[in-house]
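Accompanying notes for the structure given below.
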Amino acid sequence: MRFSRLLVPTTKETPNDATLASHIFLIRGGFIQSVGGSGLYNFLPLGKKVLDRVRNVVKEELDNAGCQEVSLSFVTPASLWEESGRYEKYGKELLRFKDRKDNEFVLGPTHEEMMVNLVRQSVKSYKQLPLNLYQINLKFRDEIRPRFGLMRGREFLMKDGYSFHVDEADMKREFDLMEETYKKIFTRLGLEFRVVEADSGAIGGSGSKEFMVLADSGEDTIVVCDGCDYGANIEAAVRREKTCDAPAPQLGSEKVHTPDATTMEALSKFFNVDPFYLVKTVAMRAFYDEGKSQIVLFALRGSDELQEVKACNAVDANELVEVSEEELEEAGLIAGFMSPLNAPESVRVVIDNALKGATNMICGANEKAYHTTGNTIDGDFDYRDIVAVQEGDACAKCGGTLRYTKGIEAGHIFQLGTRYSEPLGCTFLDENGKAKPMVMGTYGIGVSRLLAAIIEQHHDEKGCIWTKESAPFDLYVMVSNIKDEAQLALGEKLYEALSAAGIDVLFDDRKDRFGAKMKDYELIGIPHAVIIGKKLFDGLVEFVTREGMVKEEVSAEEIVSFVQERLC
RNA sequence: CGGAGUGUAGCGCAGUCUGGUAGCGCACCUGGUUUGGGACCAGGGGGUCGAAGGUUCGAGUCCUUUCACUCCGACCA
């Protein structure tokens, strides 16, 4: 491709809404263009090329693993969503609309329903299973807050795969195969990543794993172990039970006047005890379908923090919202002095596993300005894991030290079970002629997000540094001064010879000066370049490696074979 | 939805307080010079100042309403 003919509107100036390197360089490098609506982007020729290359890597590996590509309608009938029960559960993220006949539709945010519908219509027998179908298509989620360019757009390209099995064991086999396949994909793309235990979220199902591309700019906090390979999203992370060296308060069962001790810190000072021996009670309003809600008290040790996703799952709610003091009072609760032990009937109580059987605990009295001491938590409560693992906690697996790191969720695989096949009636006949719901797995990769993830991991202050399998071109060839006939002639010759050798070359034949072209090269970030410049007088050209901007002088006569050797 | 802010040329911004010919940089077009680190000179095109209403002789500027977008929190590939 000749640069002079390529639409690559590079800019010197940074768009004012871009803060992330990937967002800045993808816009400045002319890969993508903001559409104006938030979270919507056009892919320009360079961006489209990268997207296609990434997509091909994904496709090749999946096809190798025996998956079959299909393409489902982007517009999906609302009735399917009602069948699965997600029409409401998915909430405002579903973009709903009606056609001229007043039929309701949804722009697909994920396609479990659609794929199940496809399969239930065409698969009837155990002989046709297992089956793994995928597509690489647009998705639309009306995100609450799109941001960071391609990282969190509303419209995005996703690979979504769905597998169908006769039983759980076969589904797990496929799940493991997909984990291996995903590892191959991310490795080929040159990404440093980690596979972690994850929460299943709105998709539903049991076991799930996320593929986290490690980057400080990642939106997810992941917990990793220094001692073993344990890794988990903070939303699903577990730890070894915590202990405390400080002595437990030796206080009998009493009610103590504690007027100003409304925080854990103040309470800890008041009694001069470690927060480990305090009961922290967090009130949240849990929302369910049809707008129903209930106040829930979550109790944990004063030294712990509530993990909201775990808490939300514990009460099976759609979402949790903080509660105002007025609402608390209406429910008969006093902020700062709440207790799970004698809570009003109307509120639900969930207690963290770590508190089960705890003794000598100091707790709110459910009475203004009073706490009670000497409590033992052994009642018939709903005990759950609702705690946020903290840095320094011990690994449940090996006892090593856990720490936080940041990641970009690039892939997520789920063991779905019959979450969708059952309500949608996706059944097959087994050897005995009995109808059974298919056991499913589902597997996603954020393909457009991968572009952002690659740049987050591979860039410098000057621009992008694409990895081998993601680069828009294999090689960039620059003629420094196109008025220099010898330079131009060599450029044309190289362009032709290298292209003929199967190398995808971006040939910079523009009239601009050396500096301008160099800046564009650095911004666009093609892995290697050949610069034809003044040293051609001495029969030399430069071979540049974008990573580190390493320059090597090579004889003009040998450059073709030199490049071929270096690029493969 | 809660909090904070911004809407003026394709992009980045000034002008708004104190009403009086709509500006600057980048980009773009024409001509010339220049060609190893985002060149220079000369000329040029491009705007219903987010929208609606109001005050006024006169509104980008003041008032009211509204919409959109951005940033900080809850959702997710």
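Predicted model only: the values in this text are computed from it and were never measured. Throughout, protein chains are lettered first and strands after them, A, B, ... in sequence-line order, and every chain is numbered starting at 1.
Residue pairs meeting the side chain to side chain donor-acceptor pair (under 3.5 Å) criterion with at least one member in residues 13-22 of chain A, sequence neighbours excluded, are S22(A)-E456(A).
When each of A77(B), C69(B), C76(B) is scored by its nearest atom to the side-chain atoms of D220(A), the top-ranked nucleotide is C76(B). Checking U70(B), C1(B), G37(B) against every side-chain atom of D17(A), the shortest atom distance belongs to U70(B). In this structure, of G36(B), C76(B), C75(B), it is C75(B) that holds the atom nearest to the side chain of E143(A).
Toward the 5' end of RNA chain B, the nearer of the two residues A18(A) and Q487(A), judged by each one's closest nucleotide, is Q487(A). Taking for each of R28(A) and G446(A) the nucleotide of RNA chain B with the nearest heavy atom, the 5'-most of the two is the partner of R28(A).
Taking the six-membered ring for Trp and the full ring otherwise, F43(A) and F31(A) have centroids separated by 6.0 Å or more.
Under the side-chain hydrogen bond (donor to acceptor under 3.5 Å, both in side chains) criterion, E485(A) pairs with no residue, sequence neighbours left out. Among residues two or more places apart in sequence or in another chain, the side chain to side chain contact (heavy atoms under 4.5 Å, CB included) test is passed with V238(A) by Y230(A), D385(A), A396(A). Applying the salt bridge (charged side-chain N to carboxylate O under 4.0 Å, His left out) rule to D520(A) yields the partners R510(A); only residues at least two apart in sequence or on another chain are considered. The side-chain hydrogen bond (donor to acceptor under 3.5 Å, both in side chains) test applied to D176(A) returns no partner, not counting sequence neighbours. The side chain to side chain contact (heavy atoms under 4.5 Å, CB included) check on A331(A) picks up I295(A), L333(A), V347(A), with sequence neighbours excluded. K209(A) is linked by a side-chain hydrogen bond (donor to acceptor under 3.5 Å, both in side chains) to E179(A), counting only residues two or more places apart in sequence or in another chain.
The backbone N or O of V106(A) sits less than 3.5 Å from a side-chain atom of T76(A), completing a donor-acceptor pair.
With both ends at atom P, the span from A77(B) to G38(B) equals 45 Å, rounded to whole Å. U61(B) and A14(B): their C1' atoms are spaced 14 Å apart (whole Å). For the C1' atoms, the distance linking G54(B) with G10(B) amounts to 33 Å, nearest Å. Comparing the same atom, C1', in C75(B) and in G2(B) gives a spacing of 16 Å after rounding to whole Å. For the P atoms, the distance from C62(B) to U18(B) is 9 Å, rounded to whole Å. The gap from the C1' atom of U16(B) to that of A22(B) amounts to 13 Å, rounded to the nearest Å.
The partner of C13(B) is G23(B), judged by Watson-Crick or G-U wobble contacts that both fall below 3.5 Å.
Within 4.0 Å of E542(A), counting heavy atoms only, lies at least one base atom of the nucleic acid. Across all strands shown, G533(A) has heavy atoms under 4.0 Å from base atoms, whether or not it also approaches the sugar-phosphate. G161(A) comes within 4.0 angstrom of no nucleic acid atom, judged by non-hydrogen atoms across all strands.
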Review item, nucleotides 41-46 of chain B N/O atoms under 3.5 Å of protein N/O:
none

Sub-3.5 Å pairs of nitrogen or oxygen atoms, protein against nucleotides 22-30 of chain B:
from: G25(B); atom 1: N2; to: E13(A); atom 2: OE2; distance (Å): 2.6

Scan nucleotides 13-15 of chain B against the protein and return all N/O pairs shorter than 3.5 Å with their distances rounded to 0.1 Å.
from: C13(B); atom 1: OP2; to: N16(A); atom 2: ND2; distance (Å): 3.1

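The pair E143(A)-R154(A) does not meet the salt-bridge criterion, since no charged nitrogen lies less than 4.0 angstrom from a carboxylate oxygen. E492(A) has a carboxylate O that lies under 4.0 Å from a charged side-chain N of R2(A), or vice versa, which qualifies the two as a salt bridge.
Note on R145(A): a side-chain N or O is less than 4.0 Å away from OP1 or OP2 of C71(B). For K483(A) and U35(B), the shortest distance from a side-chain N or O to OP1 or OP2 is not below 4.0 Å. The shortest distance between the side-chain N/O atoms of R147(A) and the OP1/OP2 oxygens of G73(B) is below 4.0 Å.
A heavy-atom distance below 4.0 Å to RNA chain B is reached by these residues of residues 510-520 of chain A, ordered by number: K511(A), D512(A), R513(A), F514(A), G515(A), A516(A), M518(A), K519(A), D520(A).
For G73(B), the base has no donor-acceptor partner in the side chain of E308(A) [N/O atoms by modelled type, under 3.5 angstrom]. The base of G37(B) lies close enough to the side chain of E522(A) for a donor and an acceptor atom to sit less than 3.5 Å apart.
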Side-chain polar contacts of residues 537-548 of chain A - donor-acceptor pairs under 3.5 angstrom, sequence neighbours left out - could you list them?
from: T545(A); atom 1: OG1; to: H528(A); atom 2: ND1; distance (Å): 3.4
from: R546(A); atom 1: NE; to: C464(A); atom 2: O; distance (Å): 3.3
from: R546(A); atom 1: NE; to: E522(A); atom 2: O; distance (Å): 3.0
from: R546(A); atom 1: NH1; to: D460(A); atom 2: OD2; distance (Å): 2.8
from: R546(A); atom 1: NH2; to: D460(A); atom 2: OD1; distance (Å): 2.8
from: R546(A); atom 1: NH2; to: D460(A); atom 2: OD2; distance (Å): 3.4
from: R546(A); atom 1: NH2; to: E522(A); atom 2: O; distance (Å): 2.9

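For the residue pair D160(A)/Y162(A), the side-chain donor-acceptor check at 3.5 Å is satisfied.
The nearest pair of heavy atoms linking A286(A) to V315(A) is CB-CG2, 4.1 Å.
In this structure, the side chains of F25(A) and K462(A) stay at 4.5 Å or more apart for every pair of heavy atoms.
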